[in-house]
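Have a look at the structure below before the remarks.
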Amino acid sequence: MGILKKMKKRAERDYMPDDVFDPVEEEYIDGEEAQDVESYDGEPYDEEEDSGEVYDEDGEYNGEEAYDDEPYDDDEFYDDGEFYDEKEPYDEEYDEQDEEDLFSLEEELRQERVRQWTMYLIFAVCALAVIALALYGSYVLTNRRLEKQQAIATVPQESPAPIGTLPTEETPDPDAPVTAVPTAAPLTYWPMAQYPGVPALESEAYETVLDNGLARVAVPSAAAKGFDTYVDTLCDEGAVLIVNTSRLSVLLLNNVEIHLINTNLESAVVLCDEPSLSWNDPAYSAFVLPADGTLVRVSEGLGADSRVLTYRRAFITDALNYVTKLMQAGWSIQGSLEPVNNQFAVSLRRNNLQITVDYFSTTEDYLVKLDYIG
């Protein structure tokens with residue numbers, strides 16, 4: 001017990017403030033005497049050992065073992081009852097897990113690149129297949145057209161008959177309807193010899209059919225794209241533009257009527273210089289006929305008593321004057337007369353007779369149709 005008291009006294013001296021304990025005189029300010037800490041019961045006090053018990057430097061009893069004076073390692077810390085050294089290498093299990101995650105990420109990136117390249121290859125193969133099919137189709141069509149052109153017989157024109165004349169060995173009946181004449185094989189060139197005053201249309205190919213002053217020259221659709229330029233060329237040569245639409249253009253050059261046809265079914269240049277025709281059928285004497293223009297063809301219409309007359313070299317003013325003449329003669333007009341782009345079609349009636357004037361409206365010609373109605 002004496003040792004405990006000494007230790008308590010010593011602790012109070014070491015930790016008591018200076019204003020309370022006087023270390024020189026070794027007594028309390030409150031008057032109590034301080035005990036001598038140098039000896040106990042006449043015996044000097046052993047600071048290290050007493051009765052086999054050990055105390056730490058601060059005077060605290062540690063129980064059984066001496067306080068370990070070995071300096072504390074700042075690089076170690078207590079974790080779950082064990083000292084852990086921060087400088088020790090990381091657990092191998094975590095390292096393996098990180099390596100597996102990194103490997104999985106690289107594998108996913110590699111698979112994504114493979115998928116992308118596969119898609120690119122499929123797209124490229126499809127594009128090449130489409131291009132190859134297009135080229136093959138173009139090649140087949142070109143070969144077929146070349147074979148067709150080579151198969152067309154070329155008919156030499158050694159002594160062409162004068163344009164606008166009829167054969168001398170027979171005289172046609174002026175009152176009989178004109179029937180179609182079998183045509184010769186098409187020519188593979190522009191009919192310059194038959195129509196020397198008409199400039200040629202630039203084209204890679206021609207299929208020309210001649211028929212008694214009428215030449216129908218079929219051209220590729222690519223050549224039809226140059227019709228506007230061809231119209232300007234004809235006008236520079238002195239042609240008069242009668243009708244001009246995207247479907248049909250009609251010009252008159254040196255008494256040759258020129259039709260430029262551009263439809264989904266046909267691209268052609270028609271040169272019209274047929275001989276004039278005199279027609280005087282008593283069965284149609286009640287009908288009033290046009291005074292202007294040149295009659296070149298008479299054909300049957302839809303009915304047995306129907307006739308269709310084709311006229312050339314007539315302007316729109318000539319056709320309108322003809323309609324006015326019919327109205328003045330007592331023919332009643334059906335509908336309204338409204339020309340558009342110098343084209344119109346109108347019907348007029350008197351009793352059981354009907355006349356239809358079609359000026360380049362529904363067909364490529366100027367037609368006058370004569371009909372008996374019930």
Hey, are the side chains of [X] and [Y] touching, using non-hydrogen atoms and a 4.5 Å cut-off?
| X | Y | answer |
| --- | --- | --- |
| Leu251 | Val240 | no |
| Leu337 | Leu320 | yes |
| Leu367 | Tyr311 | no |
| Leu253 | Pro199 | yes |
| Lys325 | Val288 | yes |
| Leu348 | Val323 | yes |
| Ile316 | Pro339 | yes |
| Leu271 | Val198 | yes |

Between [X] and [Y], what is the shortest heavy-atom contact and its length?
| X | Y | answer |
| --- | --- | --- |
| Ile373 | Leu353 | CG1-N, 4.2 Å |
| Arg313 | Asn255 | NE-O, 2.8 Å |
| Tyr322 | Leu289 | CE1-C, 3.4 Å |
| Leu210 | Ala215 | CD2-CB, 3.5 Å |
| Thr363 | Leu248 | O-CD2, 4.1 Å |
| Ile261 | Phe227 | O-CE1, 3.5 Å |

What's the spacing between [X] [atom1] and [Y] [atom2] if we round to 0.5 Å?
| X | Y | atom1 | atom2 | result |
| --- | --- | --- | --- | --- |
| Gln111 | Thr118 | CD | OG1 | 11.5 Å |
| Ser267 | Leu201 | OG | CG | 10.5 Å |
| Glu274 | Asp211 | CD | CG | 8.5 Å |
| Asn262 | Ser221 | CG | OG | 8.5 Å |
| Tyr284 | Arg307 | OH | CZ | 3.5 Å |
| Tyr230 | Leu260 | OH | CG | 7.0 Å |

Consider only side-chain N and O atoms of [X] and [Y], and report whether a donor and an acceptor are under 3.5 Å apart.
| X | Y | value |
| --- | --- | --- |
| Thr356 | Ser347 | yes |
| Thr245 | Asn341 | no |
| Asp371 | Ser306 | yes |

If you draw a 6.0 Å radius around [atom1] in [X], do more than 12 non-hydrogen atoms from other residues or ligands fall strictly inside?
| X | atom1 | value |
| --- | --- | --- |
| Asn264 | CG | no |
| Glu202 | CD | no |
| Leu302 | CG | no |

* Asked: Under the side chain to side chain contact (heavy atoms under 4.5 Å, CB included) criterion, do Leu234 and Asp232 qualify, and how do the steps go?
  -> CA-CA 5 Å; Leu234 294 174; Asp232 295 338; over 6 Å; no
Is the backbone N or O of [Y] less than 3.5 Å from a side-chain atom of [X], with the two atoms forming a donor-acceptor pair by type?
| X | Y | value |
| --- | --- | --- |
| Asn321 | Thr317 | yes |
| Gln343 | Phe360 | yes |
| Ser285 | Asp281 | no |
| Ser276 | Thr294 | no |

* Decide, yes or no, whether a salt bridge links Arg216 with Glu364 under the criterion of side-chain N to carboxylate O below 4.0 Å. => yes
* Might you work through the side chain to side chain contact (heavy atoms under 4.5 Å, CB included) test for Leu252 and Ile242, ending with a clear yes or no? => CA-CA 7 Å; Leu252 184 60; Ile242 299 175; 4.1 Å; yes
* Taking only residues two or more places apart in sequence, or in another chain, which ones meet Ser203 in a side-chain hydrogen bond (donor to acceptor under 3.5 Å, both in side chains)? -> none
Answer yes if the ring centres of [X] and [Y] are under 6.0 angstrom apart, and no otherwise.
| X | Y | answer |
| --- | --- | --- |
| Tyr372 | Phe287 | yes |
| Tyr189 | Tyr206 | no |
| Tyr195 | Trp190 | no |

* **Working for salt bridge (charged side-chain N to carboxylate O under 4.0 Å, His left out), residues Asp273 and Arg312** => CA-CA 8 Å; Asp273 192 18; Arg312 305 290 187 207; over 6 Å; no
* Asked: Parallel, tilted or perpendicular: which describes the rings of Tyr366 and Tyr359, with under 30° parallel and over 60° perpendicular?
  -> perpendicular
* Kindly indicate, with the supporting measurements, whether the criterion side chain to side chain contact (heavy atoms under 4.5 Å, CB included) is fulfilled by Leu277 and Arg297. => CA-CA 7 Å; Leu277 178 66; Arg297 186 180 301 112; 5.7 Å; no
* Does the pair Val125 and Ile122 meet the rule for a side chain to side chain contact (heavy atoms under 4.5 Å, CB included), with working shown? -> CA-CA 5 Å; Val125 170; Ile122 293 174; 5.8 Å; no
* **Cluster link Val243 to Val346, ILVMFWY, side chain under 4.5 Å** => yes
